[in-house]
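Atoms within a ligand are numbered from 1 in the order they appear, just like the ligands themselves.
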Amino acid sequence: MISPVSEMPPYHSIALLPEHIANKIAAGEVIQRPASVIKELLENSLDAGAARITVVVKEGGTSYIQVGDDGGGMEESDARLAFLRHATSKITAVEDLEEIRTYGFRGEALASIAAVARVAMVTRRMGNDTAVALKVEGGGPLTVSREAREPGTTITVQNLFYNVPARRKFLKSPQTEFRHIHEAVERIALSRPDAAIDFLSDGEKILRLSGESLAERVIDLFGERQYGSMIEVREANELLTIHGFIGKPSFGRKTRAQQFLFLNRRFILNRNIAHAVYSGYEHLLEKGAFPFFLLFLEIDPRRVDVNVHPSKLEAKFEEEQAVHRMVHAMVRKALAVGGHAPGVSMAGEGDLGALRFDRRQHDWPRKPHETELPGGFQIVDTQTGEILGTGGARIAGTLLGPPAQAGPAVSTRGPEGQGEYQETGRIWQLHSKYILSQIKTGLLVVDQHVAHERILYERALKRLETGGRASQQLLFPTTVAVQAVVYSLLEELLPHLTGLGFEIKLFGKNTIVVEGVPPDVRAGSEERVLAEMLELYREYQKESPMDVRDNLAKSFACRAAVKAGDPLDEQEMRSLIDQLFATKMPYVCPHGRPVVLRIPLEELDRRFGRTS
Ligand code: ADP
Ligand code: MG
């Protein structure tokens, strides 16, 4: 049946939206809140070459925003055009898009702001005698007059969203909007320390910044004390340069609020880079703490796409991988060289106190070979039922075993140490506990237990993550009686333990058979390592129940590693140091304890009163 004509859906012909409606729609993307207006106006002032900018807001910018500058100003004809959408002086050809060197380029900000607020602009072009004043409300017609003003531009924005009730309703309290504005001003202030910025809110002076160096600006914004806990970083390669500051590990923050990343002076958010920074700190930060960072990346603008989002917070660039690697290595080096990764200098600024030392886990050496193993383990000879102890252990199998497949391919070498160590290479063991080696700059001291722990930790973690099984079959599988709790823990962890390299059969009735162990486990210590590792694992689980793999890797590494008191021969020591410097983080053990101490010759000279 054919439906009658009257039931056909309504039909509308296509019409181009009038400019003022289009602007209002576009405004939604560019202007979310008063802080977006501030950001756009500040960027325009900087693009106009301003050296001094004044920002005035009232009621969190919801009623009044004014930004004045001493930049180049505009001719009247340009001022009239500035409020049109896609009106910009910053690009003229498509090729320019490939190489943006200004903050703005879309020509949308002023049009958007004017569409949703009452806007007044007074501008005087440098070299002209008078200023021109323009007013526009809600995208309506321009009114133009003359006024007096020094060269530069002042833009006043009142009653934001007065004609978009839905948006106006979504504005937060003036205090909240003020916080967003403050953040926006702070970001701009950091990106351009050379510009003087005054910031007033409801008649109160919030910031008064003179044009200055980056360090001075950082002090002005964060204070001397916080500046004192920053490490300056600088790194460059053919692709990019990075400079700025990172916080010392002792200065972890509770939130991400103090993380600033600028790409070619533009504030951006980028997970990849943030992750690279975090991973550089690895275990140096408290759980739940975020590092402070303020980093400026400069990349050839042709390699960056800033055009992915209208408010331009996200930036995409080529070679994300390379950038990640570089940032990660830079942070690690800064923490290590600056003495924040533990013990590089004897001068010790007290930073070590901030690291999470966990002495509890390092109560070695233990009483040798208790028959009653921790965690309810007993080793039983299946044939006779006799209770056995574990045999004495030698380390050779471990250290000289398969070369460390430590670290993924991207891992860089230990920033220093390795090279120096190889050059001279004299090596001693001190009290079966420390390895001493002569290096170019002085003396390298390595704690053998934690060094080995770091190596095993990374290896274990990798095995757990890739599931790349490597197991060393036992000639004589051992039957072990375990407590019920341990048995159920083993059941639960079996897949992980298998990944780690253990081959364990569960026989029920709290009996297990160990048929193979990871290659890092020394002959004779198999059951001890397994038992102690599970015990330690349970402790870690109490603290951080989510990190199953990390906890396993940590407890395995701790218990399988060489102990203080184990004598090492020269080859073993060399192998240990080589493998250590091939790890991702040679300077701290998985618990945050220092691994390496470097004592400079000058330090010794100083202590012996030698002046040269
Ligand atoms: P965009 O910054 O993307 O070019 P805007 O809408 O923000 O677009 O500004 C339009 C144009 O107005 C700019 O290209 C610039 O020529 C001019 N302009 C805006 N603000 C200022 C200012 N404070 N001083 C001088 N010129 C300005
Ligand atoms: Mg702009």
Does any N or O in the side chain of Tyr281 come within less than 3.5 Å of the main-chain N or O of Arg332, such that one atom is a donor and the other an acceptor?
-> no
Quick one: does Ala87 get within less than 4.0 Å of ligand 1, heavy atoms only?
-> yes
At a 4.0 Å threshold, what atoms of ligand 1 neighbour a non-hydrogen atom of Lys90?
-> 1 (P), 2 (O), 4 (O), 13 (C), 14 (O)
Excluding sequence neighbours, so at least two apart, what forms side-chain contact (heavy atoms from CB on, under 4.5 Å) with Arg101?
-> Glu99, Pro301
Run the numbers for me: atoms of ligand 1, each under 4.0 Å from some heavy atom of Arg106, listed by number.
-> 3 (O)
Heavy-atom distances under 4.0 Å are what count here, so tell me which part of Ala109 touches ligand 1: side chain, backbone, both or neither.
-> both
Number the atoms of ligand 1 from 1 as they appear, then name those within less than 4.0 Å of a heavy atom of Gly104, with their elements.
-> 2 (O), 3 (O)
Can we call the ring centroids of Phe245 and Tyr227 under 6.0 Å apart?
-> yes
Between Arg52 and Asp198, is there a salt bridge with N-O shorter than 4.0 Å?
-> yes
Arg80 bridged to Glu76 by N-O distance under 4.0 Å = yes
Under a heavy-atom criterion of less than 4.0 Å, does Glu40 contact ligand 1?
-> no
Taking distance alone, with no angle check, do Ala111 and ligand 1 share an N/O pair under 3.5 Å?
-> no
Polar side-chain atom of Asn128 near backbone of Arg124 as donor-acceptor pair, under 3.5 Å | no
Closest to atom 4 (O) of ligand 1 (heavy atoms only, candidates Thr88, Leu46, Val30, Ile53) is Thr88
Out of curiosity, is Gly107 lining ligand 1, as in a heavy atom under 4.0 Å away?
-> yes
Proximal ligand 1 atoms for Glu108, defined as those under 4.0 Å from one of its heavy atoms = 6 (O), 8 (O)
Polar-atom distance check: Asp47 versus ligand 1, any N or O pair below 3.5 Å?
-> no
Assess the side chains of Arg106 and Thr88: does a donor N or O sit below 3.5 Å from an acceptor N or O?
-> no
Out of Leu42, Asp69, Asn44, who gets a non-hydrogen atom closest to atom 19 (C) of ligand 1?
-> Asn44
Min N/O separation Phe105 to ligand 1 under 3.5 Å | yes
Look at the rings of Phe222 and Phe292 and say which category their plane angle falls in: under 30° parallel, 30 to 60° tilted, over 60° perpendicular.
-> perpendicular
More than 12 heavy atoms of other residues, nucleotides or ligands under 6.0 Å from NZ of Lys135: is that the case?
-> no
Considering only NZ, NE, NH1 and NH2 on the basic side and carboxylate oxygens on the acidic side, decide whether Lys584 and Glu458 come within less than 4.0 Å.
-> no
N, O or S from Asn44 under 2.8 Å to the Mg ion (ligand 2) = yes
Looking at ligand 1, does any of its N/O atoms fall within less than 3.5 Å of an N/O of Leu110?
-> yes
